[in-house]
Structure formats: structure tokens, C-alpha cells
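Notes follow once the structure below has been shown.
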Amino acid sequence: GQSLEQPSEVTAVEGAIVQINCTYQTSGFYGLSWYQQHDGGAPTFLSYNALDGLEETGRFSSFLSRSDSYGYLLLQELQMKDSASYFCAFLGGKLIFGQGTELSVKP
Amino acid sequence: GAVVSQHPSWVICKSGTSVKIECRSLDFQATTMFWYRQFPKQSLMLMATSNEGSKATYEQGVEKDKFLINHASLTLSTLTVTSAHPEDSSFYICSARDPGRGQGAFFGQGTRLTVV
């Protein structure tokens, strides 16, 4: 079957660094994506890893290890506006989402 | 770039009626579009994968006769909820892959459907 696992919630303070992990199981795999979703809104694309290693986009970085079926999203210099749900998703023939991690950033 | 537009943003309809939701890729050609359903505080549940010019592939448990998907062109896919009932009330979201970017998919704004 196909599945992704990520923590259900994470809490951190403003200015801190937080890492959201994602492990996956699938038979066909093209890459791992990360999305941010604020309450009531649609998901926003953050990053995509097709190859092993780290991809950096501003305050956000994403890492993938295909041999370990594992990836993570790293958020640096946390801001209050980063409070949202974060989803990992893998792209095979279709785009399948994990259950999401609710990030709460406290002052 | 990679803009996906979904319409309408919200709709209220009476039980038993049908509702059509449109999803357009504005600046790229999308050979594949995905339709999702999301309940409050839950993840996005993939309903079907829509490929241009062919029949949609539905996920297990999704009624293809109730959720009609048409992907008639490279920039437009539609989802029609037929004979809607209150339990169909949900947030419906489409996304489209941009093959030129090779990066995952981009989402429309979503449609909040309320069936009364």
C-alpha cells in the first residue's frame, strides 16, 4: 500500500527552528513535496525533492533520503504567520498526502 | 507562474441538485489534474486523478456516478457532484501538475460546498 506518516502536531516559539519529519511507503516514487495550509485556505506548494539531499528556499529547507524513505521540512526563524498545517505528499502516478502536522508558533 | 484557478469559491445548494466545480490551469497545460476532498481538521483525501482526453481514475470508495469528472482540455477539468446530499458538504480542491516544472502540483483556491 501507500502511506505517509508525520507527527500530528508540533509547537515551537518565535525565532526557533523546527523540523517536521515524514516517512513514507510506496511502490512507485517520483518525489516528495511539502505544502502549507492555513485554516480555511488551499494548500500552498513549499518545496519538492526528487533526489536525495537538501533543497533550500529561503527560511524553508526540505531533505530527502530515498534509501530510508524519509524526508523532513525544516523551518528556520519561525514567525507567528508560520502557524499552519504542513503536509508531506509523494508524487507517484498520483499525489498522496500525509495526515498533516499542525504547527503552533508561540510568542 | 503555475496558477490554478478554481470556481466557484463557495456554493450552497439544495439537497438533490447537482453542482459543477471548474478547475483551470491559467499559464500551463495540465495533462493531469487531481481532485481532493477535505473535512475540517483532516488531510486531503484524493478522490480521483483526471487525465486529459481519457476517463478519470477514481480512488477506492469514491462513487464515480456521483462525482463526475471531465477533463476535456489541457487547461480545464470539472467535477460535478450529482444529486448532492448534506453529507457531501465539504471543501473540494483541485490541483494540477505542470510537467514543465517537474515539481509536484499546484492547487486551486478550493470550493466550499454546503448542501442544505
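As a basis for the values below, the full set of heavy atoms in this structure was taken, side chains included, without hydrogen atoms, waters or symmetry mates. Small disclaimer: the values here were computed from a predicted structure and weren't measured.
Heavy-atom neighbours of A/Glu9 CD from other residues, nucleotides or ligands within 6.0 Å: at or below the threshold of 12. At most 12 heavy atoms of other shown residues, nucleotides or ligands fall within 6.0 angstrom of atom NE2 in B/His7. The local environment of CD in A/Gln2 is crowded, with over 12 non-hydrogen atoms from other residues, nucleotides or ligands closer than 6.0 Å. Sparse packing is recorded around NZ of B/Lys55, with 12 or fewer heavy atoms of other residues, nucleotides or ligands lying under 6.0 Å away. Within 6.0 Å of the CD atom in A/Glu5, the count of heavy atoms belonging to other residues, nucleotides or ligands does not exceed 12. Crowding of A/Asp39 atom CG: a count of heavy atoms from other residues, nucleotides or ligands under 6.0 Å not exceeding 12. Environment of CD in A/Glu77: sparse, with no more than 12 heavy atoms of neighbouring residues, nucleotides or ligands closer than 6.0 Å.
Using a 4.5 Å cut-off between heavy atoms, B/Gln6 makes no contact with chain A at all.
Under the 3.5 Å distance criterion, the side-chain polar atoms of A/Tyr35 are matched with a main-chain donor or acceptor of B/Ala105. Remark: the backbone N or O of A/Lys94 is not paired with any side-chain donor or acceptor of B/Thr49 at under 3.5 angstrom.
Atom CD of B/Gln38 is separated from atom OG of A/Ser85 by 8.0 Å, given to the nearest 0.5 angstrom.
Side-chain contact between A/Ile96 and B/Met45 is absent, with no heavy atoms from C-beta onward closer than 4.5 Å. Here the side chains of A/Gln99 and B/Leu44 are not in contact, with every heavy-atom distance at 4.5 Å or above.
Across A/Ala42 and B/Gly108, no two heavy atoms sit closer than the pair CB-O, 3.0 Å. Between A/Leu95 and B/Leu46, the shortest heavy-atom contact is O-CD2, 4.2 Å.
Among the candidates A/Phe90, A/Tyr30, A/Phe87, the residue making the largest number of heavy-atom pairs closer than 4.5 Å to chain B is A/Phe87.
Using a 30° and 60° split on the angle between ring planes, B/Tyr36 and A/Phe97 fall in the perpendicular class, above 60°.
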